[in-house]
Amino acid sequence: MAAKIYTVTSGKGGTGKSVFAVNLAAALAGLAKRTLLIDVDLGMADIGLMLGLDNNKITLHEVLAGEANVEDAIYDGPNGLKVLPCGLSLQGFKKADISRLTDVIAEVSPNFEFIIIDTATGINHATAASIEVCDEVLLVLTPEITSIANGSKMKVFSALLGKEVTGMVLNRTMPEHAEAYREKLFKSVDIEILEMLPEDVSIPNSIAGKSPVVVKYPYSEISIAMNRLAASLSGIKMPESGEEKGRIKQKSEKKNRAGVKLPFVQPKN
């Protein structure tokens with residue numbers, strides 16, 4: 001059975017798209033779903049850097065250049081996640097043939113339940129190829145007007161390629177982006193908001209530690225939201241918010257009594 005393929009994209013840089021892709025993939029893998037994360041940002045690859053896989057000689061660049069087999073470019077990541085990173089070399093970027101992506105996906109798809117593709121930012125050939133091979137598109141936006149406007153363009157671009165935008169994730173939100181803002185945003189772009197992810201200092205801390213936030217800080221507010229989204233995409237029913245918070249509090253108290261350092265949890269204003 002072929003994998004369910006989601007392409008994660010955005011209309012502009014700075015939305016946290018790659019961080020989101022890493023954590024969604026890690027969350028899916030944490031739910032015991034066979035998951036592959038692919039970095040198709042051929043020119044500005046970040047996934048390998050975020051996960052400590054930046055020194056590998058065989059990457060998607062070599063696969064797309066016809067110089068390596070795809071199985072040799074797949075590496076172990078957190079939670080049992082498999083990762084197909086892009087290289088950092090500009091020579092590798094120059095040699096990579098994005099038209100080979102369809103064959104790569106066809107080869108790896110039977111081995112996984114989910115494939116998460118992180119694209120380059122904006123409208124370009126690599127992004128188009130990434131959208132064409134997916135089942136559904138996930139947009140990552142921030143509350144700025146430029147991000148929202150460009151996100152609307154990406155929705156149209158995806159439709160031109162014959163693909164549906166499943167929904168948007170509004171990232172880096174602040175307390176003022178409450179329910180009223182959510183409703184206004186939905187009406188303006190006509191895309192379902194799957195999650196609103198808060199601005200959280202655990203993100204830069206997790207990047208510095210080369211680990212997904214859902215692994216390094218599993219009880220943070222953003223990790224809870226990421227796991228909730230992963231469960232939703234997997235068809236897994238999560239506990240109600242009150243029950244969920246109670247269980248997290250119990251885990252935290254238990255760890256605290258044991259003298260274990262707790263992960264950072266962003267306080268509520």
Asks: Should Ile115 and Val133 count as side-chain neighbours, where that means a heavy-atom distance under 4.5 Å?
Replies: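 Of all side-chain heavy-atom pairs linking Val133 with Ile115, none is under 4.5 Å.
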Asks: How many angstroms lie between atom CD of Glu195 and atom CG of Leu138, to the nearest 0.5 angstrom?
Replies: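 The CD atom of Glu195 sits 11.5 Å away from the CG atom of Leu138.
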Asks: Determine whether Phe114 and Leu229 fall in the same hydrophobic cluster, where Ile, Leu, Val, Met, Phe, Trp and Tyr are linked whenever their side-chain heavy atoms lie under 4.5 Å apart.
Replies: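 Per the 4.5 Å side-chain linkage, Phe114 and Leu229 are co-clustered.
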Asks: Quick one about Thr7 and Ser130 (side-chain donor to acceptor, distance below 3.5 Å, no hydrogens or angles considered), yes or no?
Replies: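 Note: Ser130 and Thr7 side chains miss the donor-acceptor criterion.
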Asks: Who passes side-chain contact (heavy atoms from CB on, under 4.5 Å) against Asp135, sequence neighbours left out?
Replies: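 Result, side-chain contact (heavy atoms from CB on, under 4.5 Å) vs Asp135: Lys4, Ile5.
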Asks: Closest approach of Cys134 and Val137, non-hydrogen atoms and distance?
Replies: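 It is SG-CG2, 3.9 Å.
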Asks: Can you give the donor-acceptor pairs under 3.5 Å from side chains of residues 22-39 to other protein atoms, not counting sequence neighbours?
Replies:
residue	atom	partner	partner atom	Å
Asn23	OD1	Val213	N	2.8
Asn23	OD1	Val214	N	3.1
Asn23	ND2	Val19	O	2.8
Arg34	NE	Asn111	O	3.3
Thr35	OG1	Lys33	O	2.9
Asp39	OD1	Asp41	N	3.0
Asp39	OD2	Asp46	N	3.2
Asp39	OD2	Ile47	N	3.2

Asks: Does the side chain of Val63 reach to within under 4.5 Å of the side chain of Arg100, using non-hydrogen atoms?
Replies: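 Answer no - side chains too far apart.
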Asks: Determine yes or no for a side-chain-to-main-chain donor-acceptor pair under 3.5 angstrom, with Asn124 supplying the side chain and Ala126 the backbone.
Replies: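 Yes, the answer is positive, given that a donor and an acceptor are paired below the 3.5 Å cut-off.
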Asks: Using 0.5 Å steps for rounding, measure from the CG atom of Leu64 to the CG atom of Asp103.
Replies: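 Leu64 CG to Asp103 CG: 10.0 Å, rounded to 0.5 Å.
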Asks: Output all residues satisfying side-chain contact (heavy atoms from CB on, under 4.5 Å) with Leu161, sequence neighbours left out; order by chain, then residue number.
Replies: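 For Leu161, the residues satisfying side-chain contact (heavy atoms from CB on, under 4.5 Å) (neighbours in sequence not counted) are Ala128, Ile131, Glu132, Phe157.
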Asks: Might you point out which heavy atoms bring Lys12 and Thr146 nearest each other, and give the distance in Å?
Replies: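 Looking at all heavy atoms of both residues, the closest pair is CE-OG1, 3.5 Å.
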Asks: Minimum heavy-atom separation for Met50 and Ser18, please, with both atom names.
Replies: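 Heavy atoms of Met50 and Ser18 come nearest at CE-CB, 3.7 Å.
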Asks: Answer yes or no: is there a donor N or O on one side and an acceptor on the other, between the side chain of Ser147 and the main chain of Leu141, under 3.5 Å?
Replies: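 Flag not set: sc Ser147 to bb Leu141 has no pair under 3.5 Å.
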Asks: Under 4.0 Å between a Lys/Arg side-chain N and an Asp/Glu carboxylate O for Glu67 and Lys95?
Replies: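 Looking at Glu67 and Lys95, the cut-off is met.
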Asks: Do side-chain atoms of Ser109 reach the backbone of Ala3 as a donor and acceptor pair under 3.5 angstrom?
Replies: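 The answer is yes, because a donor-acceptor pair under 3.5 Å joins these two groups.
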Asks: Are Leu81 and Val108 linked, directly or through other ILVMFWY residues, by side chains that come within less than 4.5 angstrom of each other?
Replies: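 No, because Leu81 and Val108 fall into different hydrophobic clusters, even though each may have its own neighbours under 4.5 Å.
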Asks: Okay, side chain of Glu62, backbone of Thr59: is any donor-acceptor separation there less than 3.5 Å?
Replies: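 Yes, because the side chain of Glu62 sits within donor-acceptor range (under 3.5 Å) of the backbone of Thr59.
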Asks: Cluster question for you: counting only ILVMFWY and a side-chain heavy-atom cut-off of under 4.5 Å, with indirect links fine, are Val70 and Leu51 together?
Replies: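 Result: no, two separate clusters.
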Asks: May I have all residue pairs that pass side-chain hydrogen bond (donor to acceptor under 3.5 Å, both in side chains) and include part of residues 152-169, sequence neighbours excluded?
Replies: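 Those involving residues 152-169 are Glu136-Thr166.
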Asks: With clusters built from Ile, Leu, Val, Met, Phe, Trp and Tyr whose side-chain heavy atoms come within less than 4.5 Å, directly or transitively, what are the remaining members of the cluster of Leu88, listed by chain and number?
Replies: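 Leu49, which link up through side-chain heavy atoms under 4.5 Å apart, make up the rest of the cluster.
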Asks: If only atom types and distance count, is the side chain of Asn69 paired as donor or acceptor with the main-chain N or O of Glu71 below 3.5 Å?
Replies: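 The answer is no, because no donor-acceptor pair under 3.5 Å joins these two groups.
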Asks: Can you name the one residue among Leu170, Ile222, Ile203 that meets side chain to side chain contact (heavy atoms under 4.5 Å, CB included) with Leu197?
Replies: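 Single side chain to side chain contact (heavy atoms under 4.5 Å, CB included) partner of Leu197 among Leu170, Ile222, Ile203: Ile222.
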Asks: Would you check if the side chain of Thr119 reaches a backbone N or O of Val8 as a donor-acceptor pair within less than 3.5 Å?
Replies: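 At least one qualifying donor-acceptor pair exists.
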Asks: Can a donor-acceptor pair be found, under 3.5 Å and without considering hydrogens, that links the side chain of Thr9 to the backbone of Leu139?
Replies: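 Pair absent, no side-chain N/O of Thr9 close to backbone of Leu139.
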Asks: Shared ILVMFWY cluster between Ile191 and Ile123, side chains joined below 4.5 angstrom?
Replies: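 As far as the 4.5 Å side-chain criterion goes, Ile123 and Ile191 are connected within one cluster.
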Asks: Do you reckon Ile98 sits in the same ILVMFWY cluster as Val104, going by side-chain contacts under 4.5 Å, direct or chained?
Replies: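 Yes.
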Asks: Could you check whether any side-chain heavy atom of Arg172 comes within less than 4.5 Å of a side-chain heavy atom of Thr15, counting everything from C-beta outward?
Replies: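 No, every pair of side-chain atoms sits at 4.5 Å or beyond.
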Asks: Using only atom types and a distance under 3.5 Å, with no angle test, would you say the side chain of Asn56 pairs donor to acceptor with the backbone of Leu53?
Replies: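 It does hold such a pair.
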Asks: Who passes salt bridge (Lys or Arg N to Asp or Glu O under 4.0 Å) against Lys94, sequence neighbours left out?
Replies: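 If we apply the salt bridge (Lys or Arg N to Asp or Glu O under 4.0 Å) test to Lys94, skipping adjacent residues, there are no hits.
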Asks: Is Thr173 close to Pro143 at the side-chain level, that is, under 4.5 Å between some pair of heavy atoms?
Replies: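 Yes, at least one pair of side-chain atoms sits under 4.5 Å.
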